[in-house]
There are 2 protein chains.
Amino acid sequence: MTEQGSPGRSRTGGVRERARAAVMADLLDIAAAHLADQGAADLSLRAIARELGMASSAVYRYVSSRDELLTLLILRAYNTVGEVAEKAHADTVAGGGDPAACWLAVARAIRHWAKAAPHEYALIYGSPVRGYQAPQETVAAAVRLWMVIVRILKDAVLGGTLRPPAHPFQVDGLMSEEVTALAEGFREPPFEDVVVRSLALFASLFGAISAELFGHFVGFGSDEERVFDLTVATAAVGVGLDLPV
Amino acid sequence: MTEQGSPGRSRTGGVRERARAAVMADLLDIAAAHLADQGAADLSLRAIARELGMASSAVYRYVSSRDELLTLLILRAYNTVGEVAEKAHADTVAGGGDPAACWLAVARAIRHWAKAAPHEYALIYGSPVRGYQAPQETVAAAVRLWMVIVRILKDAVLGGTLRPPAHPFQVDGLMSEEVTALAEGFREPPFEDVVVRSLALFASLFGAISAELFGHFVGFGSDEERVFDLTVATAAVGVGLDLPV
DNA sequence: CCGTGTCAAGAGCAATGCTCTCGGTTGCGT
DNA sequence: ACGCAACCGAGAGCATTGCTCTTGACACGG
């Protein structure tokens, strides 16, 4: 962290840095594997070192602390979920789906990923770990999913498929400048409150997956996939999207 | 837990058991305090023993493992949130509020509790801890909140304030028997899909609080309370409740 | 009034995160 | 081409954790 990471003088891709990068990649892969089948709480630097064939102290050359490792894995997870969302969106658009179909596809895709990698999901959308506080890098990655939501809503407005709210919300000056800038196009009626409604989409997705994954919906429905679809669809109705379920 | 609760032979409140109960209460209080300001991950039996003035090994007379302590705290948290919800509901009903106002009040009350006790909230609604699996006892406590939701919806149907869905969902045989039994009264159109829609209410509440508490909405809105209100209200619109925001 | 059962203490084991120091190696600048 | 500085890995070590086992003491109840 001091300055060992970026040698500065050696601008050529030296042999040493290549080796370092390779070890780093191995380390991250092993860590991701451990995370995947044991969870974040049991992630042990010593165990990783063991599997890496190094002394436990040596891994500190690559990662300054356990928390930094977690941060790296968090970043990785955020980017994965961002890619999943973007891919599902692109695929649906390519298949001729309308915005509502897009949102359903994105929601399903993220749920699918979450069920396949529950510990990674929990790492980013569950309780934050120990004294961890999101570094600025993570927010950029985390915003990718929300950007997909905004894009879907924008397409719906432009395509005329977004049902205007029956009871619009008063949202003057509620959202921050950066956010309204990112969501350009939601200023005039009847869609001036869509930006804040997009958060409901986010929250419902997040809440539905967490509830299912963390066991709060156990025993409620026989077909969890359909329960999920309908849960997400209900929230979407409130935003003005009628999902094809 | 075994049979100590029902003394059997010593029907008189024995001195010994009284002392035991007192120590147990102290232990739980200290554990709750540690949980409150350090989080579940840092909860240490040794630290509790220290504060209790006992040897670390002695606490195992009262609690068989760290996980059992966590379970006890989880139970306590579930009951707290259940009480909070029930009280908010009762107060609003007493104040003459309609079902929509009830749901807003309940949602706000739970958010308020969550912000005051974030670690307890995370304990039950965040990522599940280590190898922990919810014992049967916890589900009864966890269901209290959902029962409040169902009651609100039932009152809305009976009072005629629940807007029928524009596009009803096909829900034949989707929900389990116990659940439909608990939510008696949601079988015939146009409200046959309200039970599954109630899960959307749950998920949106859960998702909105988690998102705010775990930092996923940082920098979005200037007034977090109002963002929360509108997020919950959006999902409620999808269920047929128009919250007074 | 004494035996039984409960309690607490202490030592100890296997882990963990992290630090420090010590050689060995590499590679860049002079 | 060489030497020094940076880098890298190993090992020992500290403080901490959960949990177990054994031992001694106390209190309660017959």
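The figures here come from the full heavy-atom set of this structure, side chains too, leaving out hydrogens, waters and symmetry mates. Note on naming: letters A, B, ... go to the chains in the order of the sequence lines (proteins, then strands), and numbering restarts at 1 for each one. Please read all numbers here as calculations on a predicted model, not as lab measurements.
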Separation of atom [atom1] in [X] from atom [atom2] in [N], rounded to whole Å:
X	N	atom1	atom2	result
Ile48(A)	dA15(C)	CD1	C1'	15 Å
Gln38(B)	dT16(D)	CD	P	14 Å
Asp42(B)	dT17(D)	CG	P	10 Å

**Study point:** Sugar-phosphate or base contact per nucleotide [nucleotides 16-25 of chain C; S, B, -; heavy atom under 4.0 Å]
**Key:** BBBBB----B
Review point. Do any N or O atoms from the side chain of Arg66(B) and from the backbone of Leu43(B) form a donor-acceptor pair under 3.5 angstrom?
Key: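 The answer is yes, because a donor-acceptor pair under 3.5 Å joins these two groups.
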Check your understanding: Does Ser176(B) use its side chain to pair, donor to acceptor, with the backbone of Gly219(A) at less than 3.5 Å?
Key ->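 Yes; judged by distance alone, with no hydrogens or angles, the pair exists.
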Point to revise | Note: Arg76(A)-Glu120(A) ion pair, threshold 4.0 Å (strictly below) | key: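 Between Glu120(A) and Arg76(A) there is no salt bridge, as every charged N stays at least 4.0 Å from the carboxylate O atoms.
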Review point. For the atom pair CD (Glu83(A)) and CZ (Arg144(A)), what is the distance rounded to the nearest 0.5 Å?
Key: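 Rounded to the nearest 0.5 Å, the CD-CZ separation comes to 5.0 Å.
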Exercise for review: Measure the spacing between CG of Leu28(A) and OH of Tyr62(A) and express it to the nearest 0.5 Å.
Suggested key: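 OH of Tyr62(A) is found 12.0 Å from CG of Leu28(A).
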Check your understanding: With side chains defined as the heavy atoms from C-beta onward, is the minimum distance between Ile152(B) and Leu201(B) less than 4.5 Å?
Key ->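 With C-beta onward as the side chain, the pair stays apart.
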**Study point:** dC7(C) phosphate, OP1 or OP2, under 4.0 Å from Arg20(B) side-chain N/O
**Key:**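 For dC7(C), OP1 or OP2 has a side-chain N or O of Arg20(B) closer than 4.0 Å.
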